[in-house]
Colleague: 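Below are the structure tokens for one structure; questions will follow.
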Amino acid sequence: MSGRLLRLVCTAATAGALLAPLPAAAAPDPGGTRLTTDAPSPAATDGPTAPGPEGESAAAPGNRSVAELLTELQELYRKAEQATETYNATAERLKRGRAEVTRLDGELARARLTLRDSKGAAGRLARQQYQGSSGLSPYLRLLLAHDPQQALDQGHVIGQVARERAETLGRVSGDAKKAAELARKARKALDDQVALADRQEKDREGVQRGLRDVEALLAALTPGQLTALAEFERRGVDREQRKLVTSGALSTVRRPSGQGDRAIDYALRQLGKDYEWGAEGPETYDCSGLTSKAWEHAGVPIPRTSEEQWARLRHIPLTELRPGDLVVYFPEATHVALYLGEGKVVQAPRTGEQVMISPMAIHPILGAVRPDPAA
């Protein structure tokens with residue numbers, strides 16, 4: 001967070017207006033785990049306007065209502081978080097790519113040593129065969145020999161050496177092909193690593209651009225407008241949380257698994273630590289950095305990004321939700337939190353905030369996944 005944005009948020013705090021979490025989700029669809037949102041449309045022109053500290057209308061620049069302003073801010077944060085998860089995915093691919101380059105380099109070095117040894121053995125056998133060969137056919141050597149048995153034994157040895165040489169040459173050919181293939185794979189892996197590094201830099205610029213857009217919008221607001229915005233947002237979260245809790249969509253009281261309990265314990269010990277995009281601890285976290293590290297601490301490695309957590313972990317209906325499960329938000333699965341029970345989650349929210357306990361209905365809910373389905 002820049003110093004300017006930090007000062008804005010601090011100003012809002014002195015007015016009692018620290019920005020709350022993003023707008024809430026609507027009540028769940030009884031037919032499944034996916035939830036929809038009834039947040040105001042960005043195209044709306046006559047949404048409600050919350051009063052400012054002195055009761056005046058807190059319209060945003062350009063005479064936009066608080067509802068319209070909140071929708072715009074929500075969309076900016078959402079785009080920034082989506083860019084963050086894209087950056088995280090690229091960073092994970094780059095990490096795996098670097099490990100693959102290291103592995104292939106090691107294999108290639110071993111293959112080249114094996115090829116060198118095979119070539120040395122082939123050379124030794126060639127010299128032995130040359131030294132034991134008279135240039136005569138085996139039949140003539142047998143006729144001219146003073147000791148026919150010795151000639152037969154010598155011919156057998158020479159034949160054995162020839163067979164060994166043929167086998168060795170076959171191994172040399174195979175080792176050479178293997179070394180060439182490994183060299184090709186290593187070059188491709190290195191090229192992929194360079195391309196991913198370039199992609200990561202572009203992803204980084206995308207995140208920073210999104211955060212600059214958020215900062216620019218916040219910088220245009222007065223403390224009174226920030227207060228009105230935070231209050232409007234808080235009321236929206238409270239309203240959607242009531243809908244969620246009273247809808248019957250959540251499970252009854254369930255106990256976490258042993259691993260889920262350890263994941264919760266880890267996440268709760270991170271309360272108060274700053275959000276930082278791309279971070280996975282131990283001092284700062286983004287949303288999926290917190291959930292992945294919590295479950296890694298519990299002994300269950302899970303994918304790094306919220307999109308991969310949604311794509312690869314077992315989906316469960318909200319009626320079966322238990323503490324330790326992950327709640328995934330937005331249609332693109334760009335935010336994730338750890339379920340605590342009783343309609344609460346622990347999450348790393350967004351830039352400028354800290355790891356906190358929040359109502360489950362902080363965003364439109366996509367669904368839930370379970371990292372330890374066998375527990």
Side-chain angles (χ1 to χ4, degrees), residues 1-2 5-6 8-10 12-13 16-25 35 37 39 70-88 207-208 210-211 213-215 217-218 226 229-238 240-241 244 263-264 266-294 304-307 309-310 326-330 332-340 343-366 368:
M1 173 183 284
S2 72
L5 181 54
L6 182 61
L8 282 170
V9 175
C10 290
L18 269 176
L19 286 178
L22 288 178
L35 303 184
T37 178
L70 184 58
T71 299
E72 181 179 354
L73 184 61
Q74 170 192 14
E75 186 63 21
L76 290 176
Y77 271 123
R78 182 178 173 184
K79 287 180 179 178
E81 189 159 42
Q82 189 170 6
T84 297
E85 290 302 287
T86 299
Y87 171 86
N88 290 340
V207 175
Q208 292 172 338
L211 294 177
D213 290 342
V214 171
E215 179 180 355
L217 179 58
L218 291 174
L226 286 170
L229 185 64
E231 177 61 21
F232 188 83
E233 189 174 42
R234 184 192 61 77
R235 290 203 306 266
V237 172
D238 291 345
E240 298 304 332
Q241 182 71 6
L244 178 63
I264 291 171
Y266 180 91
L268 291 178
R269 284 189 280 112
Q270 312 314 308
L271 289 174
K273 293 186 177 181
D274 288 339
Y275 176 98
E276 181 181 4
W277 67 269
E280 49 186 329
E283 300 303 325
T284 58
Y285 295 90
D286 63 17
C287 68
S288 57
L290 177 64
T291 55
S292 61
K293 281 300 177 182
R304 167 64 176 90
T305 68
S306 57
E307 291 97 332
Q309 289 170 10
W310 172 250
L326 305 182
V327 182
V328 184
Y329 298 91
F330 299 116
E332 301 85 5
T334 51
H335 189 74
V336 64
L338 187 74
Y339 187 60
L340 297 177
K344 300 289 186 181
V345 295
V346 57
Q347 59 149 347
R350 62 191 182 193
T351 298
E353 297 184 358
Q354 292 78 40
V355 176
M356 63 175 66
I357 295 174
S358 305
M360 182 175 163
I362 44 174
H363 306 299
I365 298 173
L366 176 60

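The basis for the numbers below is simple: all heavy atoms, side chains too, and nothing from hydrogens, waters or symmetry mates.
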Colleague: Rounded to the nearest 0.5 Å, what separates atom OG1 in Thr351 from atom CD in Glu276?
Modeller: 8.5 Å
Colleague: For Val345 and Pro359, which heavy atoms make the closest approach, and how far apart are they?
Modeller: CG2-O, 3.9 Å
Colleague: Rounded to the nearest 0.5 Å, how far does NE2 of His363 lie from SG of Cys287?
Modeller: 8.5 Å
Colleague: Is there a side chain to side chain contact (heavy atoms under 4.5 Å, CB included) between Leu271 and Ile357? Walk through the geometry before answering.
Modeller: CA-CA 8 Å; Leu271 289 174; Ile357 295 174; 4.0 Å; yes
Colleague: Can you find a side-chain donor-acceptor pair between Glu85 and Ser288 that sits under 3.5 Å?
Modeller: yes
Colleague: CD of Glu307 to OG1 of Thr305: how many Å apart, nearest 0.5 Å?
Modeller: 5.0 Å
Colleague: Which pair of heavy atoms, one from Ser292 and one from Arg304, lies closest together, and at what distance?
Modeller: OG-CD, 4.0 Å
Colleague: Check Phe330, Trp310, Tyr275, Tyr329 against His335 for a ring pair (Phe, Tyr, Trp, His ring centres under 6.0 Å) and give me the one that passes.
Modeller: Tyr329
Colleague: Do Ser306 side-chain atoms and Ala333 backbone N/O form a donor-acceptor pair below 3.5 Å?
Modeller: yes
Colleague: Rounded to the nearest 0.5 Å, how far apart are CG of Leu338 and CD of Gln347?
Modeller: 11.0 Å
Colleague: Side-chain contact, heavy-atom cut-off 4.5 Å: Leu290 with Val336?
Modeller: no
Colleague: So which heavy atom on Ala348 is nearest to which on Val355, and how close?
Modeller: CB-CG2, 4.2 Å
Colleague: Nearest 0.5 Å, what's the CZ-CG distance between Arg350 and Asp286?
Modeller: 15.0 Å
Colleague: Between CD of Glu283 and NZ of Lys273, what distance do you get to the nearest 0.5 Å?
Modeller: 5.0 Å
Colleague: Examine distances only and state if a side-chain atom of Gln241 and a backbone atom of Met360 form a donor-acceptor pair shorter than 3.5 Å.
Modeller: yes
Colleague: Testing the basics here: between Gln270 and Tyr285, what is the closest heavy-atom pair and its distance to 0.1 Å?
Modeller: OE1-OH, 3.0 Å
Colleague: With side chains defined as the heavy atoms from C-beta onward, is the minimum distance between Val327 and Ile365 less than 4.5 Å?
Modeller: yes
Colleague: What are the two closest non-hydrogen atoms of Gly278 and Thr84, and how far apart are they?
Modeller: N-CG2, 3.7 Å
